[in-house]
Amino acid sequence: MTTTEAGATAPSEAAVPETAVSEAAVSEAAVSEAAVSEATVHGYHKQKDEHLKRLRRIEGQIRGLQRMVDEDVYCIDILTQVSASTKALQSFALQLLEEHLRHCVADAAVKGGAEIDAKVEEATKAIGRLLRT
């Protein structure tokens, strides 16, 4: 067991006073919050973790499809899983679209002017792409 493992502080830790670490952490958090407020916040921001979890689950379905092909699973069984994966992506896309409409398009509507026209056109094109798939 090394001295660091035994509970002694490492030289780099000893050189930084505890108050400096606390102040640095508070300062870093303030900078992070300012960066988020200055950066564009998208409609999905509040559900970001949920969306990432959902996308990881869909990714797992796709990996399962690869495994099924590798293991020479019956065609219809693979097609059933393709359908399930496609539905999962479509459902995710609809949720994202709803959040875009509620946040981005609604925000543009409040601002008015050309921005609302641009956001509505953008959303209409996105809906068109979703309908073609």
Student: My understanding is that a hydrophobic cluster links ILVMFWY residues whose side chain heavy atoms are under 4.5 Å apart, including indirect links. Using that, what else belongs to the cluster containing V120?
Tutor: L97, L101, V105, I116, I127, L130, L131

Student: If you look only at pairs with a residue in residues 56-96, which of them pass as a ring pair (Phe, Tyr, Trp, His ring centres under 6.0 Å), with sequence neighbours excluded?
Tutor: H51-F92

Student: Who passes side chain to side chain donor-acceptor pair (under 3.5 Å) against E50, sequence neighbours left out?
Tutor: none

Student: Can you tell me how far apart CZ (R57) and NZ (K53) are? Round to the nearest 0.5 Å.
Tutor: 6.0 Å

Student: Determine which pairs satisfy side-chain hydrogen bond (donor to acceptor under 3.5 Å, both in side chains) with at least one residue from residues 77-87, sequence neighbours left out, and list them in order.
Tutor: none

Student: For L52, which residues count as a side-chain contact (heavy atoms from CB on, under 4.5 Å) partner, sequence neighbours excluded?
Tutor: K48, R56

Student: Starting at CZ of R63, measure out to CG of D70 and round the result to the nearest 0.5 Å.
Tutor: 13.5 Å

Student: Determine which pairs satisfy ring pair (Phe, Tyr, Trp, His ring centres under 6.0 Å) with at least one residue from residues 106-133, sequence neighbours left out, and list them in order.
Tutor: none

Student: The criterion is side chain to side chain donor-acceptor pair (under 3.5 Å); which residues satisfy it with R54, sequence neighbours excluded?
Tutor: S91

Student: Test of understanding: clusters of I, L, V, M, F, W, Y form through side-chain heavy atoms closer than 4.5 Å, transitively. Do V69 and L65 belong to the same one?
Tutor: yes

Student: Count I, L, V, M, F, W, Y as connected when their side-chain heavy atoms are under 4.5 Å apart, and connections chain through other members. Are M68 and L79 then in the same cluster?
Tutor: no

Student: Under the side chain to side chain donor-acceptor pair (under 3.5 Å) test, which residues partner R132, sequence neighbours left out?
Tutor: none

Student: Excluding sequence neighbours, so at least two apart, what forms side-chain contact (heavy atoms from CB on, under 4.5 Å) with E71?
Tutor: R67, V73

Student: Hey, could you give me each pair passing side-chain hydrogen bond (donor to acceptor under 3.5 Å, both in side chains) that has a residue in residues 107-131? Not counting sequence neighbours.
Tutor: D107-K111, E121-K125

